[in-house]
S.K.: 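Here it is: the structure, laid out below.
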Amino acid sequence: MEHEELKRFVKHQIEDVKGRDIIDIDVTGKSSVTDTMLICSGNSKRHVVSIAQNLVQQSKQLGEKPLNVQGQDTGEWVLIDYGDVVVHVMQDETRDFYQLEKIWN
């Protein structure tokens, strides 16, 4: 999947399970790990895990398996790494504490 297509797919999957406050941050030249960070919020631990599981499941069906998934055990912050696109699914409190938007913008 092309970069922009992957971003649109991820955003659609997040919105499909009621993920909120999706932020798209271009970190090209700022990070050697990825080009894009997508950050969104879930309402609870269960919701955060559900958003992440749906995204992983749907992407695998399209042959776009993530390189790594971390944080599903706690549900406070799940990171899904697709290489060029890294997705952060966070609870509001965790998102407010780490403020990734401010760090990378």
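All values reported here derive from a predicted model rather than from experimental measurement. Values reported hereafter were calculated over all heavy atoms of this structure, with side chains retained and with hydrogens, waters and symmetry mates removed.
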S.K.: Quick check: does any side chain N or O of T34 sit under 3.5 Å from a backbone N or O of D84, one acting as donor and the other as acceptor?
M.R.: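 Here the side-chain-to-backbone pair exists.
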
S.K.: Can you measure from CD1 (I25) to OG (S31) and round to the nearest 0.5 angstrom?
M.R.: 11.5 Å

S.K.: Does any N or O in the side chain of S59 come within less than 3.5 Å of the main-chain N or O of E64, such that one atom is a donor and the other an acceptor?
M.R.: yes

S.K.: The test is side chain to side chain contact (heavy atoms under 4.5 Å, CB included); show your working for V69 and V56 and say whether it passes.
M.R.: CA-CA 9 Å; V69 179; V56 169; 3.9 Å; yes

S.K.: For the backbone of M90 and the side chain of T94, can you confirm whether one donor and one acceptor N or O come within less than 3.5 Å of each other?
M.R.: no

S.K.: Any non-hydrogen side-chain atom of T36 less than 4.5 Å from a side-chain atom of D24?
M.R.: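 Side-chain contact under 4.5 Å: yes.
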
S.K.: Considering all heavy atoms of both residues, which atom of V49 and which atom of G75 are nearest to each other, and what is their separation?
M.R.: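 Smallest interatomic distance, heavy atoms only, reads CG2-CA, 3.6 Å.
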
S.K.: Can any side-chain N or O of E76 pair as donor or acceptor with the backbone N or O of K45 at less than 3.5 Å?
M.R.: no

S.K.: Between E15 and R20, is a salt bridge (charged side-chain N to carboxylate O under 4.0 Å, His left out) present by the stated rule, with each step listed?
M.R.: CA-CA 7 Å; E15 290 169 347; R20 316 180 266 100; over 6 Å; no

S.K.: So which heavy atom on G71 is nearest to which on V78, and how close?
M.R.: O-CG2, 3.6 Å

S.K.: Between G42 and H47, which heavy-atom pair has the shortest distance, and what is it?
M.R.: CA-ND1, 3.3 Å

S.K.: Please tell me whether L79 and I14 are part of a single hydrophobic cluster in this structure, the criterion being side-chain heavy atoms less than 4.5 Å apart.
M.R.: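 Hydrophobic grouping puts L79 apart from I14.
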
S.K.: Decide side chain to side chain contact (heavy atoms under 4.5 Å, CB included) for V85 and L38; before the verdict, give the C-alpha distance in whole Å, the side-chain angles of both, and the deciding distance to 0.1 Å.
M.R.: CA-CA 7 Å; V85 176; L38 293 173; 3.9 Å; yes

S.K.: Would the number of heavy atoms belonging to other residues, nucleotides or ligands and lying under 6.0 Å from CD of Q99 be above 12?
M.R.: yes

S.K.: Please report the shortest heavy-atom distance between K30 and D26, naming the atom on each side.
M.R.: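 For K30 and D26, the tightest heavy-atom pair comes out as NZ-O, 4.3 Å.
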
S.K.: Determine the minimum heavy-atom distance between I22 and C40, stating which atoms define it.
M.R.: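 What the structure gives for the nearest pair is CG1-CB, 3.9 Å.
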
S.K.: Is I51 linked to I80 within one hydrophobic cluster, defined over Ile, Leu, Val, Met, Phe, Trp and Tyr using a side-chain heavy-atom separation of less than 4.5 Å?
M.R.: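 I51 clusters together with I80.
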
S.K.: With rounding to the nearest 0.5 Å, note down the distance linking CG in D35 to CG in L6.
M.R.: 11.0 Å

S.K.: Taking V17 as the starting point, is it possible to reach V87 by hopping between hydrophobic residues whose side chains are less than 4.5 Å apart?
M.R.: yes

S.K.: Can you get from I103 to V33 by hopping between Ile, Leu, Val, Met, Phe, Trp and Tyr side chains that sit under 4.5 Å apart?
M.R.: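 Looking at the clustering, V33 is in a separate group from I103.
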
S.K.: Rounded at 0.5 Å granularity, tell me how far CZ in R8 sits from NE2 in H3.
M.R.: 10.5 Å

S.K.: Just so I know, are the side chains of W77 and I39 near enough to count as touching, which here means a heavy-atom distance under 4.5 Å?
M.R.: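 The answer is no, as the side chains (C-beta and beyond) never meet within the 4.5 Å cut-off.
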
S.K.: Say you draw a straight line from CZ of R46 to CD of Q53; how long is it, rounded to the nearest 0.5 Å?
M.R.: 10.5 Å

S.K.: How long is the gap from CG on D92 to CZ on F97, to the nearest 0.5 Å?
M.R.: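 Nearest 0.5 Å value for the CG-CZ distance: 15.0 Å.
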
S.K.: If I compare all heavy atoms of V48 with all of V89, which pair ends up nearest, and what's the gap?
M.R.: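 Shortest heavy-atom separation between V48 and V89 comes out as CG1-O, 3.5 Å.
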
S.K.: In sequence, state the C-alpha distance, the side-chain angles, and the governing distance for K7 and E4, and then conclude on salt bridge (charged side-chain N to carboxylate O under 4.0 Å, His left out).
M.R.: CA-CA 5 Å; K7 285 185 358 179; E4 291 298 319; 3.4 Å; yes

S.K.: Side chain to side chain contact (heavy atoms under 4.5 Å, CB included), that's the test. Do I23 and R95 meet it? Break it down for me.
M.R.: CA-CA 12 Å; I23 302 290; R95 190 169 177 176; 3.0 Å; yes

S.K.: Within a radius of less than 6.0 Å around NZ of K65, do more than 12 heavy atoms belonging to other residues, nucleotides or ligands occur?
M.R.: no

S.K.: For Y98 and H88, what are the C-alpha separation, side-chain angles and deciding distance, and is it a side chain to side chain contact (heavy atoms under 4.5 Å, CB included)?
M.R.: CA-CA 11 Å; Y98 287 100; H88 300 271; over 6 Å; no

S.K.: How many angstroms lie between atom CG of L62 and atom CD of E5, to the nearest 0.5 angstrom?
M.R.: 8.5 Å

